[in-house]
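Taking it in order: structure first as structure tokens, then the write-up.
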Amino acid sequence: MELPFADAPLKLPEGVRLLRRHLDESQQRALLDDIVAIVRRAPLFTPRMPKTGRPFSVRMTNAGPLGWVSDREGGYRYEPTHPETGEPWPPMPPLLLDLWEELTGYPAPPEAALVNFYAPGAKMGLHVDNDEAALAAPVLSISLGCSARFRLGGLQRRAPTISFDLHAGDVLILEGPSRLRYHGIDRIHPGPGALPAEIGEGRINITLRRVTLPQARRS
Ligand code: MD6
Ligand code: FE
């Protein structure tokens, strides 16, 4: 049975931009080729919660000069090297630098492209992205592969939430008054063939982040 308002347009709060299917199929394929190359050099690792050491269900890797990591001892942070190989992260794909320029207008490039891989059953709890010094910069997220149920909350964990699906090619930006909103992924809608075989069944999410404050321009 169809819900009466299933297709009603979403009213999103100020500072949340959802660009549905912003990337077409050929751009998605090109980006997935880049992700396969990144994962070859910087294999997906399992981050762990600070203090408890409990593993995330999502596996991750990064591209760019900095990468987001988490483990029991050091907690959430950015590092210039991979936690298992000790190698620098692969360079940020030009496609991602271009997308950041096109969509954010932020006067400095992103430093981290965090790649999240959701196998069937993986999810991500409600969280705020606040490990960056550059909180005036947006966080730009790209969805690839299977669709997922995204939950968007408020500035406090207990605030009411709204939910909507993110599909392959969608771009979601959190900025300004929504930069520190709680959000998470309740579940993915798995199905085969959405991602390259080398990666497996599931969903990829890439978030672009500016981590450090850009240098003030010399005058
Ligand atoms: C995900 N996204 O889509 C998780 N963070 O798998 C995020 O955590 C996220 O979509 C900051 C800004 C946009 C996001
Ligand atoms: Fe996030």
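This structure is a prediction, so every number in the text was calculated from the model and none was measured. These values consider heavy atoms only, across backbone and side chains, with no hydrogens, waters or symmetry-generated copies. Each ligand, and each atom within it, is numbered from 1 in the order the structure gives.
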Knowing that exactly one of M124, H127, R151 qualifies, which makes a side chain to side chain contact (heavy atoms under 4.5 Å, CB included) with H183?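 Exactly one pass, corresponding to H127.
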
Only one of L44, V58, I185 clears side chain to side chain contact (heavy atoms under 4.5 Å, CB included) with N116; which?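 Of the listed options, the one satisfying the test is V58.
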
Heavy-atom nearest neighbour in the protein, as seen from [atom], with distance rounded to 0.1 Å:
{"atom": "atom 13 (C) of ligand 1", "value": "S141 CB, 3.5 Å"}
{"atom": "atom 12 (C) of ligand 1", "value": "V139 CG1, 3.4 Å"}
{"atom": "atom 6 (O) of ligand 1", "value": "Y118 OH, 2.5 Å"}
{"atom": "atom 9 (C) of ligand 1", "value": "H183 NE2, 3.2 Å"}
{"atom": "atom 2 (N) of ligand 1", "value": "N205 OD1, 3.7 Å"}

Donor-acceptor pair between S141 and N205 side chains, under 3.5 angstrom: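 Per modelled atom types, S141 and N205 side chains form a pair under 3.5 Å.
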
Do other residues, nucleotides or ligands put more than 12 heavy atoms under 6.0 Å from Q156 CD?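 No, not enclosed.
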
H22 versus L103: any side-chain heavy-atom pair under 4.5 Å?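 Yes, close enough: below the 4.5 Å cut-off.
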
Under 3.5 Å, N or O to N or O, is N116 touching ligand 1 that way?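 No - when backbone and side-chain N and O of N116 are compared with those of ligand 1, no distance drops under 3.5 Å.
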
Any idea which atoms of ligand 1 are less than 4.0 Å away from a heavy-atom of [X]?
{"X": "I185", "value": "1 (C), 3 (O), 4 (C), 6 (O)"}
{"X": "F150", "value": "10 (O)"}
{"X": "R203", "value": "1 (C), 3 (O), 6 (O)"}
{"X": "H127", "value": "8 (O)"}

Give me the ring orientation class for F56 and W68: parallel if the planes are under 30° apart, tilted from 30 to 60°, perpendicular past 60°.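 Ring orientation, 0 to 90° scale: perpendicular.
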
For the residue pair W100 and Y106, categorise the inter-ring angle as parallel (less than 30°), tilted (30 to 60°) or perpendicular (more than 60°).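 W100 vs Y106 ring planes: perpendicular.
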
Passes side chain to side chain contact (heavy atoms under 4.5 Å, CB included), F117 versus T61? Steps please. CA-CA 8 Å; F117 171 63; T61 189; over 6 Å; no

Considering only N, O or S atoms of H127, the one closest to the Fe ion (ligand 2):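 This residue's closest N, O or S atom turns out to be NE2.
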
Which is the closest N/O/S atom of D129 when seen from the Fe ion (ligand 2)?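 The closest N, O or S atom of D129 to the Fe ion (ligand 2) is OD1.
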
